[in-house]
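Here is the structure we will look at, set down as structure tokens.
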Amino acid sequence: MLMQTTLENLIEYVENTFNDDELNDYIEMTNFVAGNIYKLNKAINDIEEDLIFGDLSLEAALKLDKLKQSLTQEINKL
């Protein structure tokens with residue numbers, strides 16, 4: 001059996017157990033937000049990793065701040 005995330009397990013359970021479009025819509029929205037959180041976190045980690053190897057430019061610092069704000073907004077959606 002493949003290792004699945006909790007969200008993937010929930011989606012599979014709902015698809016196999018319920019026939020509820022509204023519930024499926026909520027799960028799809030949650031999955032979308034989770035994907036956004038993953039992408040934002042990866043981008044933040046990439047910029048912060050660059051800090052280890054050199055100075056952070058003003059442009060990168062502003063981008064990092066914007067990404068962190070976006071990440072907070074996405075987390076708050078959950």
Side-chain angles (χ1 to χ4, degrees):
M1 183 170 125
L2 276 174
M3 199 63 169
Q4 293 181 298
T5 65
T6 302
L7 184 56
E8 289 169 333
N9 289 335
L10 177 61
I11 291 169
E12 184 178 320
Y13 174 77
V14 169
E15 287 175 348
N16 293 330
T17 308
F18 299 101
N19 188 12
D20 185 336
D21 291 337
E22 185 175 0
L23 181 58
N24 288 336
D25 289 344
Y26 284 125
I27 291 172
E28 284 182 30
M29 287 187 298
T30 302
N31 196 30
F32 180 77
V33 171
N36 287 344
I37 290 170
Y38 175 81
K39 291 174 192 173
L40 288 165
N41 190 56
K42 183 175 179 345
I44 289 168
N45 288 341
D46 289 346
I47 292 173
E48 289 179 340
E49 186 176 299
D50 290 343
L51 287 174
I52 296 169
F53 301 108
D55 294 327
L56 181 64
S57 68
L58 178 58
E59 181 181 330
L62 293 173
K63 184 176 180 180
L64 183 60
D65 186 53
K66 184 177 176 182
L67 287 168
K68 287 183 177 182
Q69 289 176 9
S70 296
L71 179 62
T72 299
Q73 290 171 350
E74 290 297 310
I75 290 170
N76 287 336
K77 288 179 184 178
L78 295 178

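Quick note: numbers below take in every heavy atom, side chains included, and nothing from hydrogens, waters or symmetry partners.
- Taking the side chain to side chain donor-acceptor pair (under 3.5 Å) definition, one finds that Glu12 meets it with Gln4, sequence neighbours left out.
- Asn45 is linked by a side chain to side chain donor-acceptor pair (under 3.5 Å) to nothing, counting only residues two or more places apart in sequence or in another chain.
- Scanning for side chain to side chain donor-acceptor pair (under 3.5 Å) contacts around Glu8 gives Thr5, with sequence neighbours left out.
- By the salt bridge (Lys or Arg N to Asp or Glu O under 4.0 Å) test, Lys39 is found to be paired with no residue, residues two or more places apart in sequence or in another chain being considered.
- Looking at Ile75 and Val33, their side chains never come closer than 4.5 Å, going by heavy atoms from C-beta outward.
- The hydrophobic cluster around Phe32 extends to none of the other residues, as no ILVMFWY side-chain heavy atom falls under 4.5 Å of it.
- A distance of 4.5 Å separates CG of Leu71 from CD1 of Ile44, quoted to the nearest 0.5 Å.
- Annotation for Met29: hydrophobic cluster partners, listed by chain and number, are Tyr26 (ILVMFWY side-chain heavy atoms under 4.5 Å, direct or chained).
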Contacts under 3.5 angstrom, residues 59-70 side chains, donor-acceptor by atom type, not counting sequence neighbours:
residue: Asp65; atom: OD2; partner: Gln69; partner atom: NE2; Å: 3.1
residue: Lys68; atom: NZ; partner: Glu48; partner atom: OE2; Å: 3.2
residue: Ser70; atom: OG; partner: Lys66; partner atom: O; Å: 3.1

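- The salt bridge (Lys or Arg N to Asp or Glu O under 4.0 Å) test applied to Asp46 returns Lys42, not counting sequence neighbours.
- Among residues at least two apart or in separate chains, salt bridge (charged side-chain N to carboxylate O under 4.0 Å, His left out) pairs with a member in residues 69-78 are Glu74-Lys77.
- The list of salt bridge (charged side-chain N to carboxylate O under 4.0 Å, His left out) pairs with a residue in residues 18-32, not counting sequence neighbours, is empty.
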